[in-house]
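Notes follow once the structure below has been shown.
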Amino acid sequence: ERTTETYEPVVIAELASDEDLIWSISLQARIDAALANGEIYTIFQPKVLVQTGELVGVEALVRWRDPVKGLIPPDHFIRQCENAGRMSHLTRHVLTQACLAGTRLASQGTALPVAVNISATLVHERDIVRMVQETLAETGFDPQLLTLEITETYRISNHERAAEILGELRALGAKISMDDFGVGAASLEALLRLPFTEIKVDRLFTSAIKDDPKAAAILRSVLALGREMRIIVVAEGVEDEATLAILREMGCVVAQGFGISRPVTLEEIDHFQRLAPEIRRQNMV
Ligand code: C2E
Ligand code: MG
Ligand code: MG
Ligand code: MG
């Protein structure tokens, strides 16, 4: 059985004053300890073909299970992690776990693309290129199977520099995805200037297509944009069969969402992979 995640909306109240150096230092120590003792780990959400339900990749999503506070959603600690100067540390951890998972799946005969989320702030520094290169070498994961999902692209302040760094990541063989497409400013500029191979339409749009003709029009336009630019479009946040049916009709190729599968453990990914497509389809909501 799949373990569905129960999110308790835990807010780390004492971390709110991130300008306080003392908190920042204790936060650094807490994050480092959590990384070292396994409180911070990675789960995986399937990406599937809309037409057949076939598994075509997984996205690694970070989790922090605090022994006292319970499961802390990434939205609640990613920013604190950045403020504490631990983003690259966290990213290296997730990247390593994701690549190890990918290598393990490949060794079991399931060579699947694996996506890792990368904060926009990290693509201003060349360190990310070295990090990816080293992690690929350490884990033996095929670079062609690695996708880097750049989150909050609107935070990229220097497109020229980001284009160089993303270009180097492309040269290693990795794919580059623009996450949460459509929300935040300057997303078309980023699409023009940066070497993306994939667009992930934000779930704001996907979740509205069955009720809101405007959302449906936007989604169809993004699909057309993807076809014109020869960029894969992934619809994220598919929560029900009705939405999936509309996406199928629109010609959307890849989708992701709770209605297809929640994020699950690596073992459950293996199980999902082994289900026949018809059964996977029946499992959709
Ligand atoms: P994202 O990359 O856009 O990931 C999708 C988020 O939406 C995930 O939340 C996923 O669990 C959730 N989701 C997937 N399908 C559905 C659906 O059908 N309905 C709804 N309501 N939600 C759905 P999660 O794991 O809480 O992550 C939130 C965000 O945190 C991610 O958004 C990503 O921006 C960031 N994040 C997660 N892991 C990492 C990481 O390792 N590094 C970085 N830099 N950011 C991460
Ligand atoms: Mg993502
Ligand atoms: Mg996304
Ligand atoms: Mg999103």
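Along the sequence shown, residues carry numbers from 1. One-based numbering, in listed order, for ligands and for the atoms of each.
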### Query
Where the closest heavy atom to atom 27 (O) of ligand 1 is concerned, which of Pro263, Pro74, Ser261, Pro46 has it?
Pro74
### Message
Need the ligand 1 atom indices (1-based, order shown) with element for anything under 4.0 Å from a heavy-atom of Val238.
### Response
18 (O)
### Neighbour count >12 (heavy atoms, 6.0 Å) for atom CD, Glu267
yes
### Query
Which is closest to atom 6 (C) of ligand 1 by heavy-atom distance: Glu236, Glu152, Arg203?
Arg203
### Query
Do you see an N/O/S atom of Asn117, backbone or side chain, under 2.8 Å from the Mg ion (ligand 2)?
yes
### Query
If you take all heavy atoms of Thr243 and Thr206, which pair is closest and at what distance?
CG2-O, 3.6 Å
### Query
Out of Ile40, Thr121, Asp179, who gets a non-hydrogen atom closest to atom 2 (O) of ligand 1?
Asp179
### Query
Near the Mg ion (ligand 2), is there an N/O/S atom from Glu59 that is less than 2.8 Å away?
yes
### Query
Mind checking whether the Mg ion (ligand 2) has an N, O or S of Asp179 under 2.8 Å?
yes
### Message
For Asn117, which part has a heavy atom under 4.0 Å from ligand 1: side chain, backbone, both, or neither?
### Response
both
### Message
Contact between ligand 1 and Lys200 is defined here as a heavy atom of the residue under 4.0 Å from a ligand atom; is it met?
### Response
no
### Contacts of Thr103 that satisfy side chain to side chain donor-acceptor pair (under 3.5 Å) - sequence neighbours left out
none
### Query
Can you list the ligand 1 atoms lying under 4.0 Å from a non-hydrogen atom of Asp180?
3 (O)
#### Entry: Close approach of Pro73 to ligand 1, heavy atoms, under 4.0 angstrom
no
### Task
Give the single entry among Ile150, Leu122, Asp240, Asp75 that approaches atom 30 (O) of ligand 1 most closely by any heavy atom.
Asp75
## Note on the structure
A student checking ligand 1 against Thr151 at a 4.0 Å heavy-atom cut-off should list atoms 34 (O)
#### Entry: Close approach, Glu239 and ligand 1, non-hydrogen under 4.0 angstrom
yes
### Message
Restricting to N, O or S, what is the name of the atom of Glu149 that lies nearest the Mg ion (ligand 2)?
### Response
OE1
### Query
Does ligand 1 have an atom under 4.0 Å from some heavy atom of Met87?
yes
### Task
Measure the distances from the heavy atoms of Ile78 to every atom of ligand 1 and state whether one is below 4.0 angstrom.
yes
### Query
With a cut-off of 6.0 Å (strictly less than), are more than 12 heavy atoms of other residues, nucleotides or ligands near CD of Glu160?
no
### Message
Could you measure the distance from the NZ atom of Lys47 to the CD atom of Gln256? Nearest 0.5 Å is fine.
### Response
6.0 Å
### Message
Below 4.0 Å from ligand 1: does a non-hydrogen atom of Arg63 turn up there or not?
### Response
yes
### Query
Excluding sequence neighbours, so at least two apart, what forms salt bridge (charged side-chain N to carboxylate O under 4.0 Å, His left out) with Asp127?
Arg130
### Numbered atoms and elements of ligand 1 in range of Val94, under 4.0 angstrom, heavy atoms
41 (O)
## Note on the structure
Ranking Leu61, Leu90, Leu71 by closest non-hydrogen atom to atom 37 (C) of ligand 1, top hit is Leu61
